[in-house]
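Hydrogens, waters and symmetry mates play no part in the numbers below; they use all other heavy atoms, side chains included. Whatever order the structure lists ligands and atoms in, that order sets their numbers, starting from 1.
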Amino acid sequence: MYILCYLCIQSIRYCFLYCSRRYINRLKENDAACLSALQNGHIFLFHRLIPLLQCSDPETFRPIALTYSEVQSVLHKCGSDGSLLKESILIGCSEQNHAQFCLDVGKSMLDSFSIAQNCKGTFMDLRKAFFLLEGAEAPLVAKAQALLQWHQINRFCGATGQLTQRNQAGSQRACSSSSIVYYPKMSPVVIVLVSDGKRCLLGRQSSFPRGLYSALAGFCDMGETLEEALRREVAEEVGLEVQNIIYSSSQHWPFPHSSFMLACHATVSPLNVDHLELEDARWFTEEEITCALQVKAPPWRDHRPAVWLPPKHAVAHRLIMEWREQQHSQDTE
Ligand SMILES: NC(=O)c1ccc[n+]([C@@H]2O[C@H](COP(=O)([O-])OP(=O)(O)OC[C@H]3O[C@@H](n4cnc5c(N)ncnc54)[C@H](O)[C@@H]3O)[C@@H](O)[C@H]2O)c1
Ligand SMILES: [Mg+2]
């Protein structure tokens with residue numbers, strides 16, 4: 001019975017996710033549908049990128065979901081005609097199937113204090129609010145702020161210098177002269193918790209609030225893989241070589257501009273062979289490698305030497321060759 005209930009809940013959840021994703025996608029592609037969804041949707045207000053929150057108890061804050069008519073009435077009370085509402089940006093869909101939008105009222109020169117008072121809320125810096133928001137709501141507010149910020153700093157086409165036009169959902173901006181379509185961007189960042197088996201390594205930047213320590217992080221360079229960026233960052237930041245990179249999870253991080261955080265664990269332990277994964281691992285000299293490279297692969301079963309290496313087209317072979325070349329050039333220097 002318990003399992004049946006669990007399966008029912010899971011399939012309802014799956015149905016909801018599936019439908020809401022399709023719905024959001026439709027709103028991104030259809031301006032008229034998006035405008036009508038806005039009139040029936042929920043809107044989260046910001047003032048110059050600062051979210052409007054409501055204190056539910058002294059420790060917990062929640063973003064305030066206002067209806068279209070509620071925002072219209074607040075804007076009227078504060079002396080605006082309400083045309084600003086069309087600038088709302090689509091951010092998601094609630095479990096009750098209401099499209100969710102965000103709107104920055106800072107542009108209208110409206111007084112943030114009177115807006116907050118009319119909404120019975122308070123505008124609170126997102127860096128502070130991040131620690132006080134509920135789990136599921138923090139990513140939504142972060143996404144909203146990041147999208148608002150992206151629109152603010154991508155008003156012009158990089159190729160023509162012309163103003164770009166957004167679609168109704170705010171999921172893209174296009175330049176009519178160059179036909180370039182711009183989409184909201186995140187910069188990939190690796191973040192790694194390095195461990196020696198017993199301890200983990202944390203660091204802090206001088207810009208961090210006093211006492212704050214975090215895992216090592218760094219922006220990926222153009223063309224780098226996650227692993228390359230991770231090794232480079234750790235080597236750069238603490239002079240260690242990491243092993244055993246294990247992917248953990250990913251996250252959108254809005255500060256200071258949108259980053260796509262790829263989180264991993266890694267170790268810096270000495271050679272420690274996992275005999276479930278590997279039968280053996282050991283050090284090889286250059287002579288042993290040269291000898292092994294002379295074996296024609298694949299050697300016949302009956303004539304297998306003690307050591308042989310992957311074939312030419314395997315990247316492992318390439319790595320071995322490169323290493324050997326390096327040894328040679330060091331010898332001749
Ligand atoms: N979510 C988390 O738990 C968490 C924890 C730590 C850091 N972070 C974030 O990770 C990000 C990267 O960390 P870091 O500051 O140590 O990186 P970093 O070590 O790469 O150093 C930052 C420097 O990298 C350069 N840089 C290269 N590409 C850049 C780009 N696309 N955008 C901005 N700067 C770029 C700049 O010179 C900048 O000063 C930061 O935005 C930080 O907020 C998130
Ligand atoms: Mg760093």
Side-chain angles (χ1 to χ4, degrees), residues 46 48-51 53 59-63 91-92 102 124-159 164 172-173 180-196 199-268:
F46 285 70
R48 300 199 179 138
L49 300 179
I50 301 176
L53 306 176
E59 295 296 308
T60 319
F61 281 79
R62 300 196 63 184
I91 52 171
C102 60
M124 183 189 280
D125 188 89
L126 188 57
R127 277 190 189 268
K128 260 193 227 156
F130 227 57
F131 293 93
L132 304 166
L133 284 165
E134 286 294 307
E137 286 170 340
L140 189 71
V141 179
K143 175 180 176 177
Q145 197 230 37
L147 278 170
L148 289 168
Q149 188 183 44
W150 181 81
H151 280 280
Q152 286 180 11
I153 59 183
N154 286 278
R155 292 175 54 233
F156 296 94
C157 173
T164 53
Q172 62 181 57
R173 299 189 75 92
I180 298 176
V181 180
Y182 295 92
Y183 295 95
K185 292 254 178 322
M186 299 189 276
S187 301
V189 170
V190 287
I191 178 158
V192 56
L193 187 66
V194 177
S195 164
D196 70 355
R199 297 167 296 173
C200 72
L201 185 62
L202 301 176
R204 51 172 280 111
Q205 292 178 6
S206 56
S207 59
F208 283 9
R210 186 151 32 115
L212 176 68
Y213 284 76
S214 184
L216 305 179
F219 290 95
C220 296
D221 284 347
M222 181 61 80
E224 260 182 341
T225 63
L226 182 158
E227 293 83 357
E228 287 164 347
L230 193 155
R231 289 180 199 284
R232 176 184 53 73
E233 275 298 330
V234 175
E236 274 176 21
E237 295 197 351
V238 291
L240 286 175
E241 269 192 54
V242 294
Q243 298 142 12
N244 308 322
I245 298 172
I246 297 170
Y247 173 77
S248 158
S249 51
S250 63
Q251 174 195 48
H252 165 246
W253 187 246
F255 313 115
H257 299 288
S258 278
S259 296
F260 181 49
M261 309 294 302
L262 295 154
C264 295
H265 293 276
T267 60
V268 287

For [X] and [Y], indicate whether the former's side chain and the latter's backbone hold a donor-acceptor pair under 3.5 Å.
X: Ser195; Y: His265; value: no
X: Ser259; Y: Pro188; value: no
X: Arg231; Y: Val242; value: yes

Can you see which heavy atom on [X] is nearest to which on [Y], and at what distance?
X: Cys157; Y: Tyr182; answer: SG-OH, 3.3 Å
X: Lys143; Y: Ile91; answer: NZ-O, 2.8 Å
X: Val141; Y: Pro51; answer: CG1-CB, 3.8 Å

When you measure from [atom] to the protein, is at least one non-hydrogen atom found at a distance under 4.0 Å?
atom: atom 21 (O) of ligand 1; value: no
atom: atom 39 (O) of ligand 1; value: no
atom: atom 4 (C) of ligand 1; value: yes
atom: atom 33 (C) of ligand 1; value: yes
atom: atom 36 (C) of ligand 1; value: no

Less than 4.5 Å apart, any side-chain heavy atom of [X] and any of [Y]?
X: Leu49; Y: Gln152; answer: yes
X: Cys102; Y: Leu148; answer: yes
X: Leu226; Y: Cys220; answer: no

Taking only heavy atoms of [X] into account, list the atoms of ligand 1 that are under 4.0 Å away from them.
X: Glu233; answer: 19 (O), 20 (O)
X: Ser187; answer: 31 (N)
X: Ile191; answer: 3 (O), 4 (C), 5 (C), 6 (C)
X: Pro256; answer: 41 (O)
X: Val189; answer: 10 (O), 11 (C), 12 (C)
X: Gln251; answer: 1 (N)

How far is [atom] from the closest protein heavy atom, and which atom is that?
atom: atom 18 (P) of ligand 1; result: Gly218 CA, 3.7 Å
atom: atom 19 (O) of ligand 1; result: Glu237 OE2, 2.8 Å
atom: atom 7 (C) of ligand 1; result: Ala217 CB, 3.8 Å

message = Rounded at 0.5 Å granularity, tell me how far CH2 in Trp150 sits from NE2 in His257.
response = 14.0 Å
ask   = Hey, what do you get for CD (Gln149) to CD (Gln145), rounding to the nearest 0.5 Å?
value = 6.0 Å
Decide whether the shortest distance between a heavy atom of [X] and an atom of ligand 1 is less than 4.0 Å.
X: His257; answer: no
X: Gln205; answer: yes
X: Ala263; answer: no

key: Phe255 N/O to ligand 1 N/O under 3.5 Å   = yes
request  = Would you indicate which of Trp253, Phe219, Tyr213 comes nearest to atom 29 (C) of ligand 1 when only heavy atoms are counted?
outcome  = Phe219
query = Considering only N, O or S atoms, which atom of Glu237 is nearest to the Mg ion (ligand 2)?
reply = OE2
message = If the threshold is 4.0 Å, N to carboxylate O, is there a salt bridge linking Arg199 and Asp196?
response = yes
key: Worked verdict on Gln251 versus Ile191 for side chain to side chain contact (heavy atoms under 4.5 Å, CB included)   = CA-CA 10 Å; Gln251 174 195 48; Ile191 178 158; over 6 Å; no
ask   = Taking heavy atoms and a distance under 4.0 Å, where does Ser214 meet ligand 1: side chain, backbone, both or neither?
value = side chain
inquiry  = When you measure from the Mg ion (ligand 2) to the N, O or S atoms of Ala217, does any of those distances fall below 2.8 Å?
reply    = yes
